[in-house]
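Here the structure comes first, spelled out in structure tokens, and everything after it is commentary.
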Amino acid sequence: MENCRVRFAPSPTGPLHIGGARSALFNYLIAKRFKGQFILRIEDTDVERSSRESEDNIFDSLRWLGLDWDEGPDIGGPYGPYRQMERLAIYKKYIQELIDKGLAYYCYCTEEELEEERQELIAKGEPPRYLGKCRELSPEQKEQFIQEGRKPVVRFRVPGNQEIVVNDLVRGKVVFESNGIGDYVILKSDGIPTYNFAVVIDDYLMKISHVIRAEEHLSNTPRQILIYEALGWETPTFAHVSLILGKDKSKMSKRHGATSVVQYKEQGYLPEAVVNFLALLGWAPEGEEEIFTMEELIEQFSLERVSKRPAVFDIDKLKWINGVYIRGCSNEEIRDLFIPVLQEAGHLPEKLSDRDYQWIQLVINGLQEKVHTLKEVLEHIDMFVGDQVELESEDLKKVLEEEQVPLVIETLKEKIKTVEELTPETVKTMLKEVSKETKQKGKKVFMPIRIAITGKMHGPELHSIIPALGKENVLKRIEKTVG
RNA sequence: GGCGCGUUGGAGAAGCGGCUUAACUCACCAGCCUUUCACGCUGGCAUUCACGGGUUCGAAUCCCGUACGCGUCACCA
């Protein structure tokens with residue numbers, strides 16, 4: 001594959017969607033794999049819905065995922081500009097060329113007329129489409145419409161009785177009939193081109209070799225191919241990746257939960273995990289391994305192993321993958337990840353003291369292996385801080401009423417009071433001594449202690465929790481639960 | 001409705017005519033490890049590939065039909 005140039009061309013009408021992120025990733029992987037370029041183009045021709053805010057969100061999300069582009073609106077490149085609204089003059093030229101060649105024409109129909117036509121066709125049981133009313137307008141008629149103040153659109157003249165073949169890298173050969181396509185708008189009445197037109201001009205001018213995008217664009221592809229042909233241009237290679245579905249198998253939407261990349265960031269997912277998960281959405285690795293770094297993905301990814309069937313977004317699998325990455329973090333990495341979460345929740349000050357760092361280390365010891373997302377840390381953090389405890393359920397009282405408990409607790413309290421410093425090591429030996437001196441072992445000693453201190457049956461190791469709390473808090477907690 | 005795409009266990013997914021008594025992963029269940037949970041390890045989990053026909057010595061794999069799901073038919077991308 002020589003001169004591989006691929007692009008991700010989102011429209012900035014909202015935060016980067018998880019599906020868009022997957023398209024971007026696939027393009028990125030192909031570009032890196034074949035040592036080509038990954039281009040970012042902003043398709044902002046929907047003036048109503050486009051915003052700079054969304055654009056920034058898209059930039060940020062892509063960068064967060066580690067999908068850096070070689071050419072784009074912010075960094076420029078040899079085929080710019082990379083924002084469609086800045087390319088209006090370019091489109092105008094090609095629109096004119098099509099009009100001059102008689103392959104496109106002005107249409108003065110009003111919305112009402114179009115709607116009427118649509119209703120009539122539906123009433124007759126025919127598929128609604130534009131029938132070409134303005135195809136052969138006389139100069140007089142045109143003049144009259146202009147007098148009336150009508151703003152025309154430009155429509156592409158779709159040739160009849162033609163087979164349009166899309167040779168798709170993931171779907172194979174897909175054939176469409178041109179008769180099923182009505183003359184469609186390529187230039188809106190406000191002088192801005194439509195998607196189906198602008199995308200062709202840009203992909204050609206930007207020398208895009210492979211168009212990798214979501215399946216929802218498959219039905220649009222014949223319209224685009226027609227324009228390539230009208231302009232005498234060679235088409236790029238197409239690859240339509242299936243859609244991402246929610247658990248109920250309908251297209252992934254808000255009601256399935258978080259749909260944008262930022263939301264996953266906010267919920268405490270790691271970019272590496274999201275990338276890994278996204279890669280698995282529609283693509284299947286050859287071997288048994290499912291955990292990949294970006295480098296490994298670049299090495300292994302191929303469009304041949306991208307499935308035709310829709311991919312279902314399985315949040316449980318994302319959580320599992322995220323957990324794998326959290327556990328795989330080095331101590332420094334996980335610390336840098338935990339700190340902002342803890343600070344944001346008010347458990348840590350802006351400026352960290354040595355004591356804070358010691359405490360964080362204990363939290364890491366207790367929770368790194370346990371959580372699937374960074375935010376889950378907050379679900380367990382109460383066990384590491386403060387003198388407040390509450391029994392999780394009434395059932396736990398029974399455990400505290402067992403006969404060996406008073407002795408165990410008394411012995412423990414003594415030890416805590418007399419020990420020089422609470423560290424994981426001193427706590428470990430302390431607990432061993434309590435076990436030995438009270439002649440109790442296993443659950444008989446550890447469960448009451450755990451419940452007395454945390455109010456819960458389960459949680460991180462006691463030798464992480466106890467030093468984190470400190471003598472005073474531990475004793476106060478015990479006081480509250482067992483008196 | 002027209003056109004297009006898809007349909008393998010609870011979920012994802014491999015499979016490209018015989019090597020499949022259908023990989024692998026998540027989830028689930030059991031056991032082990034462990035002071036609990038988690039982590040980790042071991043084992044279990046589709047007599048069957050939406051359904052009905054056909055082709056073939058042989059089909060999850062090829063063909064046709066049916067059903068279901070989804071996409072698309074915009075002056076949205």
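Naming: A, B, ... by sequence-line order, numbering from 1 per chain.
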Item to check | Atom-pair distance (CD1 on A/I321; P on B/A27), nearest Å | outcome: 10 Å
Next on the checklist: I'd like to check the side chain to side chain donor-acceptor pair (under 3.5 Å) partners of A/Q119; sequence neighbours left out, ordered by chain and number.
Outcome noted: A/E115
Next on the checklist: Measuring only the C1' atom in each nucleotide, how far is B/C16 from B/A22? A whole number of Å is fine.
Outcome noted: 15 Å
Item to check | Annotated protein contacts, base or backbone, on nucleotides 64-77 of chain B with a non-hydrogen cut-off under 4.0 Å, one of B, S, - each | outcome: -----SSBSSSBBB
Checklist entry - Which sits closer to the 5' end of RNA chain B, A/P460 or A/E177, going by the nucleotide each is nearest to? => result A/E177
Item to check | Interatomic distance, A/K308 NZ vs B/A13 C1' [rounded to whole Å] | outcome: 15 Å
Next on the checklist: For a quick test of reading the model: is some side-chain N or O of A/R309 closer than 4.0 Å to OP1 or OP2 of B/A13?
Outcome noted: yes
Checklist entry - Taking the six-membered ring for Trp, is the centroid-to-centroid distance between A/F197 and A/Y184 below 6.0 Å? => result no
Checklist entry - Between B/G15 and A/R305, is there an OP1 or OP2 to side-chain N/O distance shorter than 4.0 Å? => result yes
Checklist entry - Say you pick atom P in B/G71 and the same atom in B/C63; how far apart are they, in whole Å? => result 26 Å
Next on the checklist: The criterion is side chain to side chain contact (heavy atoms under 4.5 Å, CB included); which residues satisfy it with A/E43, sequence neighbours excluded?
Outcome noted: A/A9, A/S11, A/R41, A/Q84, A/Y195, A/V199
Next on the checklist: Considering every strand and a 4.0 Å limit on heavy-atom distances, what is the contact class for A/V175: base, sugar-phosphate, or nothing?
Outcome noted: sugar-phosphate
Checklist entry - Roughly how many Å is it from CD1 in A/I164 to C1' in B/G2, rounded to a whole number? => result 15 Å
Between the protein and nucleotides 23-25 of chain B, which nitrogen or oxygen pairs come in under 3.5 angstrom?
{"residue": "B/C24", "atom": "O2'", "partner": "A/E288", "partner atom": "O", "Å": "3.1"}
{"residue": "B/U25", "atom": "O4'", "partner": "A/E290", "partner atom": "OE1", "Å": "3.3"}
{"residue": "B/U25", "atom": "O2'", "partner": "A/E290", "partner atom": "OE1", "Å": "2.6"}
{"residue": "B/U25", "atom": "O2'", "partner": "A/K317", "partner atom": "NZ", "Å": "3.1"}
{"residue": "B/U25", "atom": "O2", "partner": "A/K317", "partner atom": "NZ", "Å": "3.3"}

Item to check | Distance between C1' atoms of B/U55 and B/C62 (Å, rounded) | outcome: 8 Å
Next on the checklist: In whole Å, measure the gap between the P atoms of B/A14 and B/A23 for me.
Outcome noted: 14 Å
Item to check | Whole-Å C1' distance, B/A11 and B/G53 | outcome: 31 Å
Item to check | Per-nucleotide protein contact string for nucleotides 30-35 of chain B (B base, S sugar-phosphate only, - none; heavy atom under 4.0 Å) | outcome: -----B
Checklist entry - Taking CG from A/L280 and P from B/A27, how many angstroms apart are they, rounded to a whole number? => result 14 Å
Checklist entry - Is the shortest heavy-atom distance from the side chain of A/P460 to the side chain of A/L367 under 4.5 Å? => result yes
Next on the checklist: Against A/D183, only a single residue in A/R157, A/R135, A/R223, A/K133 fulfils salt bridge (Lys or Arg N to Asp or Glu O under 4.0 Å); can you say which?
Outcome noted: A/R135
Next on the checklist: Using a heavy-atom cut-off of 4.0 Å across all strands, would you classify A/A311 as base, sugar-phosphate, or nothing?
Outcome noted: sugar-phosphate
Item to check | Side-chain N,O (A/R327) to OP1/OP2 (B/G40) below 4.0 Å | outcome: yes
Checklist entry - Would A/Y325 and A/W320 count as a ring-ring contact (aromatic ring centres under 6.0 Å, His included) if you check the C-alpha gap in whole Å, the side-chain angles of each, and the deciding distance to 0.1 Å? => result CA-CA 9 Å; A/Y325 279 86; A/W320 171 73; 9.4 Å; no
Next on the checklist: Say we look at B/U61 and B/C51: how far apart would their P atoms be, to the nearest angstrom?
Outcome noted: 11 Å
Next on the checklist: Work out how far the C1' atom of B/A60 is from that of B/U72, and round it to whole angstrom.
Outcome noted: 30 Å
Checklist entry - What dot-bracket string describes RNA chain B from 5' to 3', counting Watson-Crick and G-U wobble pairs whose defining distances are under 3.5 Å, with [ ] for crossing pairs and | for pairs to another strand? => result ((((((((.[[[..)..(.....]]].(((((.......))))).....[[[[[..)....]]]]])))))))....
Item to check | Rounded distance (Å) that lies between atom P of B/G6 and atom CD1 of A/I244 | outcome: 18 Å
Next on the checklist: Could you check whether atom CD of A/E379 has more than 12 heavy atoms from other residues, nucleotides or ligands sitting under 6.0 Å from it?
Outcome noted: yes
Next on the checklist: For the P atoms, the ones on B/A13 and on B/C3, what distance do you get once it is rounded to whole angstrom?
Outcome noted: 28 Å
